[in-house]
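Each chain gets a letter, A, B and so on, in the order the sequences are listed, and its residues count up from 1.
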There are 2 protein chains.
Amino acid sequence: MSIKNALPVYVQISEMLIRDVSAGHYLDGARLPPERQMAKELGVSVTTLRKALNDMTHKGMLEKRQGSGNYIKTNKNLASVYSFFRVELIAGGGLPTAELLALDRTVKPTHFPAFGKGNEAYRIRRLRRLNGQPAVLEEIWLDGNQSAQIRPADLSESLYLFYRKSLNLWITEAEDQLTIATVPEWSPATFDPTHGEHCLCAQRLSRSQSGAAVEFSLNWIDTNVARYVARIK
Amino acid sequence: MSIKNALPVYVQISEMLIRDVSAGHYLDGARLPPERQMAKELGVSVTTLRKALNDMTHKGMLEKRQGSGNYIKTNKNLASVYSFFRVELIAGGGLPTAELLALDRTVKPTHFPAFGKGNEAYRIRRLRRLNGQPAVLEEIWLDGNQSAQIRPADLSESLYLFYRKSLNLWITEAEDQLTIATVPEWSPATFDPTHGEHCLCAQRLSRSQSGAAVEFSLNWIDTNVARYVARIK
DNA sequence: AGGAATTTGTGCGTATGTATC
DNA sequence: AGATACATACGCACAAATTCC
């Protein structure tokens, strides 16, 4: 019988690097020291360090360039979720913006899938536009334990960026379930899908690195304006 | 100027294994020889072999079990696409079956995205069921150059399996676009979504290892019965 | 333009830990 | 408990890509 050991060294290293990036020690595109130097400083072999870096590369947090160096990707990790699931104009693309409609904190509805440990959650309602056109009505539920307080200013643009920078929360896993649903009664007049009262609805459960569910969101999509795209490679 | 060298050894090994699986030398779930033995037989180091096997694991073609062995996944590679995009009963899961409605070969509609090089394509129409309930109406377009002839018997169950076994075609990349659409006029009476005449429609463009688009499909989903699920990790 | 220095990629061999059988 | 098999970790050598002078 033996005491359970710590995590593998390469996991410790990648987690440390992720914390460093999250703390702002590395900006987007920053180059890491050469592998041999880094390994020496960390007191591990180059092989072990490389395993940590390769894992991060696979997660989309790092870009390796032979002969050049290893480069941190921060804004891009946000894209690692969006590059798989995204909403775009029917013609393709579209510049995304978001308008905060409401922000409050309430008890979680019982019929939602489990996310986080708290009884309460933040509820964020936004109208997302593509090239100025209302395209998606969004309701995000973020576990109340994640943050003492969220202010509207925090939610100006990229939520995943806010999660990572302020909450030290990296969304690395997500599942969307798509159905046809009725538009919610709090829908603003500017959001007006016209397939009767029905529209496409994506329900997303997001998980952090640890695999724990931390966020649940509902996204009503106006299919007259936009379409939902999922891609795997 | 120098002659272009061969591919890395670990790539050669994984490609060889993929060919072997494709040729039926390994059945689903088959266990590979121990790594040390395999490395010896192949004349490479265990490290190099392990890199090949790890790559295959990431591609979903192999399952590694510590202390046990390395196991081929064939039906499961089909799942590597389906594990990201899938249709399941609203209650979850459901045993999938497929009923062939029509199979013919015609010229590609001009408004489709480009796939394959031929002017003609096979058009396969199927009704997919979950636990016997009609859930998805499917129209698959496969480039005519891929195969001299397709017989209905080929299409009994898993199309991806047929692609891989008969056409030596591995689907490794796919993109779905979801909208709300009208049910096609060739819909059988048993498929009857009741959100007016509209239902959820997923349009999928699939690509092979080389990155070339080879298949385009349309999937009308009865959201009274089933839902579409996309997952990334 | 070209060559040297730098940096990552590939590959080998070995030792030890841990899970499975 | 022992044997087997994969996981982790180390160190080294050379190849290939990039960068810099």
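For residues 29-40 of chain A, proximity to DNA chain D is found at Arg36(A), defined as any non-hydrogen atom under 4.0 angstrom from a strand atom.
Contacts of Lys51(B) classified as side chain to side chain contact (heavy atoms under 4.5 Å, CB included), with partners at least two apart in sequence or in another chain: Tyr10(B), Asp55(B). For Glu88(A), the salt bridge (Lys or Arg N to Asp or Glu O under 4.0 Å) criterion is met by Arg86(A), Arg227(A), not counting sequence neighbours. The side-chain hydrogen bond (donor to acceptor under 3.5 Å, both in side chains) check on Thr57(B) picks up nothing, with sequence neighbours excluded.
One finds a salt bridge joining Glu99(A) and Arg129(A) here, because a Lys/Arg side-chain nitrogen approaches an Asp/Glu carboxylate oxygen to under 4.0 Å.
Remark: Lys51(A) is not in phosphate contact with dA9(D), judged by side-chain N or O atoms under 4.0 Å from OP1 or OP2. Between Ser45(A) and dC10(D) there is a side-chain N or O to OP1 or OP2 distance below 4.0 Å. A sub-4.0 Å separation between OP1 or OP2 of dT7(C) and a side-chain N or O of Asn70(A) is absent. For dG11(C), the OP1/OP2 oxygens have no side-chain nitrogen or oxygen of Tyr10(B) closer than 4.0 Å.
Donor-acceptor pairing under 3.5 Å is lacking for the side chains of Tyr122(A) and Asp143(A).
Residue-level contact check: Val9(A) touches the backbone only, with heavy atoms under 4.0 Å from sugar-phosphate atoms and none from bases. Among the heavy atoms of the strands lying under 4.0 Å from Val44(B) are primed sugar atoms or P, OP1, OP2 only; no base atom is included.
Under a 3.5 Å cut-off, the side chain of Ser14(A) and the backbone N or O of Val11(A) do form a donor-acceptor pair.
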Using nucleotides 17-21 of chain D, report all nitrogen or oxygen pairs with the protein that are shorter than 3.5 Å.
none

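The nucleotide whose nearest atom lies closest to any side-chain atom of Arg50(A) is, among dA7(D), dG11(C), dT8(C), dT8(C).
Evaluation of the salt bridge (charged side-chain N to carboxylate O under 4.0 Å, His left out) test over residues 29-43 of chain A, restricted to residues two or more places apart or in two chains, returns Glu35(A)-Arg50(A), Glu35(A)-Lys64(A).
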